[in-house]
Novice: 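This is the structure I want to talk about, given as C-alpha cells.
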Amino acid sequence: MEFAQDAQPVPAPDEVLVKVEAFAPNRGETFLLEAPKPGLLPGKDVAGLVVQAAADGSGPPAGTRVVGHPPMGGWAEYATVPTHSIAVLPDEVTAVQAAALPLAGITALRLLRAAGAVTGRRLLLTGASGGVGHYLTEIAAAAGAEVTAVTATAERGARLRELGAVAIVHDVGAAEGPFDVVLESTGGGAPAAALARLVPGGTLIWFGQAGRTPATVDFFDLLAGPENAVIRHFHYAGAPYGPDLATLVRLVAGGRLHPEIGRRADWSRTAEILIDLRERRIRGKAVLTIGAPR
Ligand SMILES: NC(=O)c1ccc[n+]([C@@H]2O[C@H](COP(=O)([O-])OP(=O)(O)OC[C@H]3O[C@@H](n4cnc5c(N)ncnc54)[C@H](OP(=O)(O)O)[C@@H]3O)[C@@H](O)[C@H]2O)c1
C-alpha cells in the first residue's frame with residue numbers, strides 16, 4: 001500500500017465535515033483493496049469533531065462530537081458525512097468506542113430485527129468473535145436469546161461467554177441444537193451443517209463468507225429435515241443510519257453494549273492492521289486513531 005495526499009473533501013449541502021479522530025476498517029473493505037477500483041477511497045466508520053456544519057441547516061453545529069457512517073472516504077483526516085447518517089456522542093462514549101460501532105453495530109441491530117423476536121429462542125451464531133459477532137452476542141443475549149457461538153479458540157470464546165453466550169463451540173458440527181435461528185457468515189460447509197441443526201420451520205439467515213469459500217448446500221439433504229426451513233439472505237445497507245447509530249450510542253453510554261476492540265493503533269499502522277484483520281488475527285474490532293483521542 002502507498003500513502004498519498006488527497007484533497008480536502010468538500011461537503012454537499014446535507015453533509016457535515018468531520019475532523020476524524022478514530023476510524024475502523026471492516027473485513028469486507030480489506031477485500032476491496034485486493035483489486036481497487038480507480039478513485040476508491042475506503043472507510044465507512046468514523047468518529048470525530050464536526051468542523052463544518054451542513055449548509056442546509058440539518059445536523060449538528062460545528063464543535064459537536066459525532067459518530068458517522070459515510071458511504072466512503074472515512075480512512076482520512078477529514079471526512080464528509082450525510083447528516084442522516086450521524087449520531088451525536090455524549091461525553092461518556094469515547095471516539096475509539098464510537099468508531100467501532102457503525103457498520104458492525106448497525107448490521108447486528110438490523111440482523112436481529114430480520115430474525116424476529118429472539119427472546120427465549122435458541123440462536124446459533126458463526127464467525128462470532130468478529131466485529132458483528134460480539135455485538136450480536138451481547139444484544140441477543142440481553143434480549144433473552146440462548147446464544148451458541150462458533151469461534152476458533154477457547155480464549156475468544158471466553159469473552160463471548162462474558163457477553164452472554166451460553167455455549168461456545170469451535171465448529172458448527174459440534175453445536176448441539178436444535179436451533180430456532182442461525183445467523184451464518186462464514187460460508188463453505190457451515191450453512192449446510194447449520195441447516196441440519198434447525199428446528200422444523202426454523203430460519204437460517206446467511207449474511208457473509210468470512211472463510212472466502214462459497215457456501216455449499218445440497219437441497220436434497222433438506223428432505224431428511226428440517227421441515228420447512230427458511231433460508232434467507234441479508235444485507236444491512238439502507239440509509240438513514242442515524243437512528244440506529246443513536247441506538248448503539250445510547251446502549252454504550254448506558255453500559256449495556258461494550259464495543260470489543262481487539263486492536264487499537266495509530267493510523268500510520270493501517271496497512272499492518274488491515275493484514276491482521278484479513279488474516280483472522282484480531283478479535284472484535286480494530287480501531288485506528290489520528291492524534292491521541294480518548
Ligand atoms: N450482509 C451484510 O450486510 C454484512 C454486513 C457486515 C458484515 N458482513 C459479513 O459478515 C461477516 C462478519 O463481518 P465482521 O466485520 O464481523 O468480520 P470480522 O470482524 O473479520 O469477523 C469475522 C469472523 O469470522 C471468523 N472467520 C474468519 N475467517 C474464517 C474462516 N476461514 N472460517 C471460519 N470462520 C472465519 C473469525 O472468527 P474466528 O477466527 O474466531 O473463527 C472472525 O472473527 C463477514 O463475512 C462480513 O463480510 C455482512
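Keep in mind the model is a prediction, meaning the values are calculated, not measured. Ligands are counted one by one from 1 in listed order, and the atoms in each one are counted from 1 as well.
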Novice: Any N or O on T153 sitting closer than 3.5 Å to an N or O of ligand 1?
Specialist: no
Novice: Any atoms of ligand 1 less than 4.0 Å from a non-hydrogen atom of S185? List them with their elements.
Specialist: 10 (O), 11 (C), 45 (O)
Novice: Looking at H170 and T151, would you say the former's side chain and the latter's main chain have a donor-acceptor pair under 3.5 Å?
Specialist: yes
Novice: Take atom CG in D91; do more than 12 heavy atoms of anything else shown fall under 6.0 Å from it?
Specialist: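 Counting other residues, nucleotides and ligands, CG of D91 stays at 12 neighbours or fewer.
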Novice: May I ask which of A108, A286, G189, G28 has a heavy atom nearer to atom 47 (O) of ligand 1 than the others do?
Specialist: G28
Novice: With no hydrogens and no angle check, is any side-chain donor or acceptor of R65 less than 3.5 Å from a backbone partner on G48?
Specialist: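 The answer is no, because no donor-acceptor pair under 3.5 Å joins these two groups.
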Novice: Under 3.5 Å between some N or O of ligand 1 and some N or O of L277?
Specialist: no
Novice: For ligand 1, note which part of L103 has a heavy atom under 4.0 Å away: side chain, backbone, both or neither.
Specialist: side chain
Novice: Using a 4.0 Å cutoff against the non-hydrogen atoms of G130, which atoms of ligand 1 qualify?
Specialist: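 Here the atoms of ligand 1 in question are 16 (O), 18 (P), 19 (O), 21 (O), 43 (O).
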Novice: Can a donor-acceptor pair be found, under 3.5 Å and without considering hydrogens, that links the side chain of K44 to the backbone of P71?
Specialist: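 Yes; judged by distance alone, with no hydrogens or angles, the pair exists.
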Novice: Write out the residue and atom name of the closest protein heavy atom to atom 46 (C) of ligand 1, then the distance separating them to 0.1 Å.
Specialist: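 Checked against all protein heavy atoms, atom 46 (C) of ligand 1 sits closest to G208 CA, 4.8 Å.
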Novice: Ignoring hydrogens and angles, tell me if any N or O in the side chain of R161 forms a donor-acceptor pair with the backbone of V166 under 3.5 Å.
Specialist: yes
Novice: May I ask you to check if ligand 1 and R156 share an N or O to N or O distance below 3.5 Å?
Specialist: yes
Novice: Is the closest N or O pair between V132 and ligand 1 shorter than 3.5 Å?
Specialist: yes
Novice: Stepwise, does the side chain to side chain contact (heavy atoms under 4.5 Å, CB included) test hold for L111 with Y236?
Specialist: CA-CA 7 Å; L111 255 173; Y236 89 103; over 6 Å; no
Novice: So does E155 get a backbone contact from the side chain of R159, meaning a donor-acceptor N/O pair under 3.5 Å?
Specialist: no
Novice: Only heavy atoms of S129, strictly under 4.0 Å: list the atoms of ligand 1 that pass.
Specialist: 37 (O), 38 (P), 40 (O), 43 (O)
Novice: Side chains of T186 and E184: do they bring a donor and an acceptor to under 3.5 Å?
Specialist: yes
Novice: Give me the nearest non-hydrogen protein atom to atom 3 (O) of ligand 1 as residue plus atom name, then the distance to 0.1 Å.
Specialist: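 Among all protein heavy atoms, the one nearest atom 3 (O) of ligand 1 is Y236 N, 2.7 Å.
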Novice: Does CD in E176 sit with more than 12 non-hydrogen atoms of other residues, nucleotides or ligands closer than 6.0 Å?
Specialist: no
Novice: Has E162 got more than 12 heavy atoms of other residues, nucleotides or ligands less than 6.0 Å from its CD?
Specialist: yes
Novice: Check whether F31 forms a cation-pi arrangement with R212 (NZ or CZ under 6.0 Å from the six-membered ring centre, at most 45° off the ring normal).
Specialist: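 Output yes; distance and angle both within limits.
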Novice: Return the closest protein heavy atom for atom 31 (N) of ligand 1 as residue, atom name and distance.
Specialist: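 Checked against all protein heavy atoms, atom 31 (N) of ligand 1 sits closest to G211 CA, 3.1 Å.
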Novice: Identify the protein heavy atom lying closest to atom 34 (N) of ligand 1, giving its residue, its atom name and the separation to 0.1 Å.
Specialist: T186 CG2, 3.3 Å
Novice: Would you check the N or O atoms of F234, main chain and side chain alike, for any that come under 3.5 Å of an N or O of ligand 1?
Specialist: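 Yes.
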Novice: Look at atom 20 (O) of ligand 1 and say which protein heavy atom is nearest, naming residue and atom and giving the distance to 0.1 Å.
Specialist: R27 CD, 2.9 Å
Novice: Taking atom CZ of R281 as the centre, report whether more than 12 heavy atoms of other residues, nucleotides or ligands fall under 6.0 Å from it.
Specialist: yes
Novice: At what distance is the nearest protein heavy atom to atom 30 (C) of ligand 1, and which residue and atom is it?
Specialist: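 Answer, as residue, atom name and distance: R280 NH1, 3.2 Å.
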Novice: Check whether any N or O atom of G131, backbone or side chain, sits under 3.5 Å from an N or O atom of ligand 1, and answer yes or no.
Specialist: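 Yes.
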Novice: For the pair I231 and F219, evaluate side chain to side chain contact (heavy atoms under 4.5 Å, CB included) and give the outcome as yes or no after the intermediate values.
Specialist: CA-CA 11 Å; I231 302 175; F219 283 93; 3.7 Å; yes
Novice: Where is the nearest protein heavy atom to atom 5 (C) of ligand 1: which residue, which atom, and how far?
Specialist: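 Going atom by atom, the protein heavy atom closest to atom 5 (C) of ligand 1 ends up being T107 OG1, 3.3 Å.
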Novice: If we only count N/O pairs under 3.5 Å, is F207 in contact with ligand 1?
Specialist: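 There is such a contact, yes.
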Novice: Side chain, backbone, both or neither: which part of Q209 has a heavy atom under 4.0 Å from ligand 1?
Specialist: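 Near ligand 1, Q209 shows its backbone, while the atoms from C-beta on stay back.
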Novice: Can you tell me the protein heavy atom closest to atom 25 (C) of ligand 1 and the distance?
Specialist: G127 CA, 3.9 Å
